[in-house]
Amino acid sequence: MEAKTFIELHGITKVFPGVIALSDVNFDIREGEVHALCGENGAGKSTLIKVMTGAHKQDGGEYLIDGTSVDISSTNEGIALGVSCVYQELSIAPQLDVAQNLFIGNLPTKGGLIDHKTLYAKTAEILAELEVDSSITPKTIAGDLSVGQQQMIEIGRALTRNARCIIMDEPTSSLSEKETDTLFKLIKKLQSKNIAIVYISHKLDEVMYLADRITVIRDGQNIITMNKEDTTQDELIAHMIGRSLENLYQKTPAQQGDAVLEVHNLSRESVFSDISFSVNKGEVLGFFGLVGAGRSEIMRAVFGVDKYNSGEVILDGKKLKSGNPALSIDSGMGFCTEDRKKEGLMLRLSILLNMTLVKLPKISSMGVINRKTQASLASEYVNTISIKTPSVNQLAGNLSGGNQQKVVLAKWLMTDPKVLIVDEPTRGIDVGSKSEIYGLISELAQQGVAVIVVSSEIEEIMGICDRVITICEGKLTASFPTKGTSTETILAAALGKTVAGGDAQ
């Protein structure tokens, strides 16, 4: 028997100045199902879920709940009707405890005062239902929790509001494998309670595992809705990008030269120790390890963002100083950080300013920026690496994730780097943009740039890198050529196991 339909969206249209974000979109959600919403960044997914939650008011079409037309004009109205969303950017109040976060805006009261006894008792019930770590209590400060634990608290908050549909936006983008497994078990439990889940993720293996139905939208329009059993990942990709993607990992072997970056016995107390490696001109070197292994911390130290206690970094024969990123940049190193929104971009500034930020000293004279050169450079890179934007004056915060990442890459490409470090280059990016970024990395290697790729996705490492270094608990465990090495071998080395053929230097 088919489950009862909870939400129906018919002919939804949403227009922003100069942009039709949604055009005649249909979408429905049944009780107790996981309905995956797929599409490239910029396809309209975020706009659609904001219409569903009440953050945006549609300009056309009809919104029905339980078969009755509703007019939702705020997220509070959406919550009251049973629709909640756990966004990729979590909205935890870190200074408050778990109980206050769960019931924020809905605190139980008695005699006009907060009823703390009821608050903590109800919180204990929800924590038990969520099956969170027993060390987490109602009085635990939320800021002390991991990202995965904070996400559970956000889901718990939706349950306190009697949510009948929970929208999850890229829920595993910052989770460890264990936290992801915990989330999946919770989703199955919520389904058993007849709660519907709208699941949005660029990780198509997760979509194929969890979803009952899948809807694809592209360019703000419906493409297809289908049962999971009736499709494959390859077909899903083709629907999302409008063409088949025969070669996701655009990798052309490059002619390698001498070592351009050498790292010797680099150590930072309690973070990583005795890290030594080199990377050649034209080589794509991967760094792989589990979350918390120390990969990003090593790269931050190599670039000079963080200081190290001992060891040395040599770029093109020149020894760099610890904790001096300006010297690294001047010497020919670029660094696309893991968190592009917090560290890679200034979201409230234009694409033009973000792109040319590092280049400003070279296009200025006596403190005056050559605006013509600046605009010309920005326009050139928008075209060269296919950034989708109506103008270089568009705010970086208004771009999709894939286009934001391209802006970060363009910023460093303008410096003509000898070495480019890219940390999680495709996190939260749609499959089409992934392929373009892989092609760009391969092209840089062809031009003789040494590229270091840090990634949590082993398929990505194997697909675009010439060599991979594994890190476990702040130590280098092995180095392998990707060609001829199995993923099982690399995973074993990343877990700290001794494996054959893995040169530890």
State whether the side chain of Arg295 and the backbone N or O of Ser455 hold a donor-acceptor pair below 3.5 Å, judged by distance alone.
-> yes
For Ile197 and Met168, work out which heavy atoms get closest and say how close.
-> CD1-CE, 4.0 Å
side-chain hydrogen bond (donor to acceptor under 3.5 Å, both in side chains) evaluation trace for Gln394 with Thr389 = CA-CA 7 Å; Gln394 175 75 273; Thr389 177; 4.5 Å; no
Would you call Arg300 and Asp306 a salt bridge, taking side-chain N to carboxylate O under 4.0 Å as the test?
-> yes
For the residue pair Leu347 and Leu395, establish whether any side-chain heavy-atom pair is separated by less than 4.5 Å.
-> no
Just do the side-chain hydrogen bond (donor to acceptor under 3.5 Å, both in side chains) check on Ser456 and Glu424 with the steps written out, would you?
-> CA-CA 7 Å; Ser456 302; Glu424 299 290 2; 2.5 Å; yes
SB check Glu154 Arg157 (cutoff 4.0 Å) = yes
So which of Ile298, Leu266, Val271 actually passes side chain to side chain contact (heavy atoms under 4.5 Å, CB included) with Tyr308?
-> Leu266
Flag side-chain contact, heavy atom, 4.5 Å: Leu183 against Ile187 = yes
Can you tell me if CG on Leu64 sees more than 12 non-hydrogen neighbours from other groups inside 6.0 Å?
-> yes
May I have the step-by-step check of side-chain hydrogen bond (donor to acceptor under 3.5 Å, both in side chains) for Thr477 and Thr470, ending in yes or no?
-> CA-CA 6 Å; Thr477 56; Thr470 53; 2.6 Å; yes
Any donor-acceptor N/O pair, Glu473 side chain to Ala293 backbone, under 3.5 Å | no
Begin from the C-alpha positions of Asp339 and Asp423 and carry the test side chain to side chain contact (heavy atoms under 4.5 Å, CB included) through to its verdict.
-> CA-CA 8 Å; Asp339 192 332; Asp423 193 350; over 6 Å; no
Non-hydrogen atoms of Val453 and Ile461 that approach each other most closely = O-CD1, 3.8 Å
Could you tell me whether the side chain of Ile490 reaches within less than 4.5 Å of the side chain of Met462, counting heavy atoms only?
-> yes
Is it true that atom NZ of Lys203 has more than 12 heavy atoms of other residues, nucleotides or ligands lying nearer than 6.0 Å?
-> yes
Ion pair present between Lys57 and Asp71, side-chain N to carboxylate O less than 4.0 angstrom?
-> yes
Would Glu459 and Thr487 count as a side chain to side chain contact (heavy atoms under 4.5 Å, CB included) if you check the C-alpha gap in whole Å, the side-chain angles of each, and the deciding distance to 0.1 Å?
-> CA-CA 8 Å; Glu459 294 84 0; Thr487 56; 6.0 Å; no
Apply side-chain hydrogen bond (donor to acceptor under 3.5 Å, both in side chains) to Ser267 and Ser273, showing your working.
-> CA-CA 4 Å; Ser267 296; Ser273 63; 5.2 Å; no
State, yes or no, whether a side-chain contact exists between Val25 and Leu9 at a heavy-atom distance under 4.5 Å.
-> no
Would you find more than 12 non-hydrogen atoms of other residues, nucleotides or ligands less than 6.0 Å from Lys188 atom NZ?
-> yes
Side chain Lys189, main chain Glu129, donor-acceptor under 3.5 Å | yes
Ser84 to Ile79 - nearest heavy-atom pair and separation | OG-CG1, 4.1 Å
Tightest non-hydrogen contact, residues Thr13 and Val15, listed as CG2-CG2, 4.1 Å
Could you tell me which non-hydrogen atom of Leu102 sits nearest to which non-hydrogen atom of Thr160, and how far apart they are?
-> O-OG1, 3.3 Å
N-O pairing of Lys185 and Glu131 below 4.0 Å | no
Closest contact, heavy atoms only, Asp230 versus Glu235 | O-OE1, 3.9 Å
If you count the non-hydrogen atoms of other residues, nucleotides and ligands that lie under 6.0 Å from OH in Tyr209, is the total more than 12?
-> no
Relative to the ring of His35, is the ring of Phe27 parallel (under 30°), tilted (30 to 60°) or perpendicular (over 60°)?
-> tilted
State, yes or no, whether a side-chain contact exists between Tyr87 and Lys50 at a heavy-atom distance under 4.5 Å.
-> yes
Mark yes when over 12 heavy atoms from residues, nucleotides or ligands other than Glu229 sit less than 6.0 Å from its CD; otherwise mark no.
-> yes
Is the side chain of Asp115 donor-acceptor paired with the backbone N or O of Lys110 at a distance under 3.5 Å, no angle test?
-> no
Think Lys4 forms a cation-pi with Phe6, using NZ or CZ under 6.0 Å from the six-ring centre and within 45 degrees of its axis?
-> no
Can you check whether Asp97's main-chain N or O pairs, donor with acceptor, with Gln100's side chain at less than 3.5 Å?
-> yes
Backbone N or O of Ile200 within a donor-acceptor pair of the Asp169 side chain at under 3.5 Å?
-> no
Apply side chain to side chain contact (heavy atoms under 4.5 Å, CB included) to Ile195 and Leu159, showing your working.
-> CA-CA 10 Å; Ile195 295 173; Leu159 297 180; 3.7 Å; yes
Please step through side chain to side chain contact (heavy atoms under 4.5 Å, CB included) for the pair Ile153 and Gln149, ending with a clear verdict.
-> CA-CA 6 Å; Ile153 301 309; Gln149 292 166 338; 5.7 Å; no
Sequence neighbours excluded, which residues qualify as ring-ring contact (aromatic ring centres under 6.0 Å, His included) partners of Phe287?
-> Phe277
For Lys45, the salt bridge (charged side-chain N to carboxylate O under 4.0 Å, His left out) test, sequence neighbours excluded, returns none
Ile387 side chain near Met355 side chain, heavy-atom distance below 4.5 Å | yes
Member of Val83, Leu37, Val86, Leu48 meeting the side chain to side chain contact (heavy atoms under 4.5 Å, CB included) criterion with Ile167 | Val83
More than 12 heavy atoms from other groups under 6.0 Å of CD on Gln233 | yes
Do NZ/NE/NH1/NH2 and the carboxylate oxygens of Asp28 and Arg213 come within less than 4.0 Å?
-> yes
Quick one: does Lys228's side chain get under 4.5 Å of Val207's, heavy atoms only?
-> no
Would you check if Val302 and Met333 make a side-chain contact, meaning some heavy-atom pair closer than 4.5 Å?
-> yes
Look only at the side chain of Gln151 and the backbone of Pro171, and say whether a donor-acceptor pair between them is shorter than 3.5 Å.
-> yes
Once the angle between the rings of Phe184 and Tyr199 is folded into 0 to 90°, is it parallel (under 30°), tilted (30 to 60°) or perpendicular (over 60°)?
-> perpendicular
